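Okay, so here's the structure we're looking at.
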Amino acid sequence: MLLITAITASCVAVGIAMFKLSNVRDIDVLSVVSNVLMKSRCTNLMSRLGLMDALRPRTLSKVVTPNGLEFITVPNFKVLVGHVWNFTARENDVYVATYPKSGSTWVQEIVWLICNNADTETARDDFLTRRSPFLETVDVGDNLGIQTLEKWPLNSTRIMKVHRPYEILPADVAVKKKGKIIYVFRNPKDVCVSYFHFHDVSYSLPKPGSWAQFLANFSVGNVAWGDWFSHAKRYWQEFIKNPDHMLFITYESLKSDLRAQVTSIAKFLGKDLTPEQISTIAKHCSFASMKGNGKVNYEHCEDAALLDFSKGKFMRKGEVGDWKNYFTVNQSAAFDKLVEEKMRETEIEIRFELKIRRSMLEISL
Ligand code: PPS
């Protein structure tokens with residue numbers, strides 16, 4: 001009798017567990033597993049023993065998105081493609097959209113400050129990855145993703161980072177035009193160099209190979225998040241068609257006149273800032289300031305064994321024109337030709353270097 005009761009109770013327990021598990025989403029499972037590994041310090045230990053490299057993806061994954069597009073991503077992000085497409089957007093959402101390594105962190109911090117009365121004190125109290133989650137990841141430690149965004153209070157502004165191409169943003173955003181998008185564009189030569197280094201630093205990405213190999217892969221879109229050219233072009237088209245829905249800014253203009261760009265982002269978001277607030281934001285968001293700020297420079301991801309800072313820093317150089325230290329004359333000429341061919345039909349002004357105006361030079365002399 002006791003045995004029968006025990007067997008029945010076990011069957012009921014297994015049944016309940018299976019029912020519950022069948023309702024658990026794959027992204028939540030991924031999040032739980034990642035958090036358990038992190039909290040048990042398993043990944044941390046592996047990182048210290050130099051074993052994390054063994055877990056890096058060797059190849060990229062090609063996924064067909066719910067609207068039938070082919071998208072290149074890293075294996076860990078594969079399960080998220082459909083979830084992001086179905087994400088319920090809100091009118092007061094702000095999406096900081098970029099191709100990787102184009103200045104998302106910079107603009108996330110600027111936007112957060114614009115939306116929070118330039119309160120740098122509060123900003124310095126909490127990680128940017130908690131204040132402005134990444135829509136395309138799951139919640140892992142202090143790096144928040146889609147699950148947190150889904151639960152965010154209705155009356156608060158969700159400022160989030162997104163790297164995916166325009167066509168596969170959440171349908172609510174791409175099709176129904178909910179929320180506002182700020183697209184940050186950066187010249188592709190500097191993007192390629194920054195991305196090359198980041199492939200060494202990030203355990204989620206495959207090793208980059210040699211510079212020549214990486215450049216070849218980048219040129220044909222065989223890298224995570226796909227083809228740079230179509231990414232930039234499609235966002236540009238949206239900006240031309242729907243300037244109320246999207247603002248298009250460049251990394252180079254942020255570098256050359258940060259105050260002016262902060263002002264135009266604030267205007268786009270319908271926020272009034274005083275000249276003092278603009279100065280506060282510009283000062284807080286200079287490269288030197290952000291590089292030394294542990295709440296935005298991703299240092300905590302080293303402790304979480306997500307990034308390997310022995311290979312380089314997240315806030316690496318923050319310059320326009322670093323590509324000149326990597327591209328050979330021939331590589332540069334071939335890439336220029338590609339840019340000319342692929343970007344012909346857009347009017348984006350691509351600045352590969354910042355020209356110092358003569359009058360400015362004279363003033364400073
Ligand atoms: S990511 O991983 O895709 O989200 O990276 P992302 O934040 O888009 O881009 C990282 C590059 O932006 C530089 N950066 C800055 N440059 C100038 N000023 C400020 N404040 C700033 N903050 C971040 C960062 O250094 C990366 O560029 P590189 O060329 O690698 O230095």
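As the structure lists them, so they are numbered: ligands from 1, and atoms in each ligand from 1. These numbers come from a predicted model, not from an experiment. Worth knowing before you read on, the calculation uses all heavy atoms, side chains too, and leaves out hydrogens, waters and symmetry mates.
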Winner among F134, Y251, F314, Y298 once heavy atoms are compared against atom 13 (C) of ligand 1: Y251
Do other residues, nucleotides or ligands put more than 12 heavy atoms under 6.0 Å from the CG atom of D125? yes
of all protein heavy atoms, closest to atom 8 (O) of ligand 1 is S104 OG, 2.4 Å
Ligand 1 to C285 polar contact by distance, N or O atoms, under 3.5 Å: yes
Output yes when E345 and K233 qualify as a salt bridge under the 4.0 Å nitrogen-oxygen rule, no when they do not. yes
Look at ligand 1 and say whether H163 reaches it with a heavy atom at a distance under 4.0 Å. yes
Between S194 and ligand 1, does any nitrogen or oxygen pair lie at a separation below 3.5 Å? yes
Which option out of K101, K317, R186, R316 puts a heavy atom nearest to atom 27 (O) of ligand 1? R186
Among K101, R186, R316, K189, salt bridge (charged side-chain N to carboxylate O under 4.0 Å, His left out) partner for D322: R316
Backbone or side-chain N or O of D190 under 3.5 Å from ligand 1 N or O: no
Selected option - heavy-atom contact closest to atom 14 (N) of ligand 1, from K291, E109, E319, M315: M315
Would you please classify the geometry between the F196 ring and the F214 ring as parallel, tilted or perpendicular, with 30° and 60° separating the classes? tilted
What do you reckon, does M290 have a nitrogen or oxygen under 3.5 Å from a nitrogen or oxygen of ligand 1? no
Look up atom OG1 in T73 and atom CD in E136, then write down how far apart they are to the nearest 0.5 Å. 7.5 Å
Give the contacting part of K161 toward ligand 1: side chain, backbone, both or neither, where contact means a heavy-atom distance below 4.0 Å. side chain
So, D257 side chain and S253 main chain: donor-acceptor pair closer than 3.5 Å or not? no
Is the count of non-hydrogen atoms from other residues, nucleotides or ligands lying under 6.0 Å from K207 atom NZ greater than 12? yes
May I ask you to identify, for S286, whether its side chain, its backbone, both or neither come under 4.0 Å of ligand 1 on a heavy-atom basis? backbone
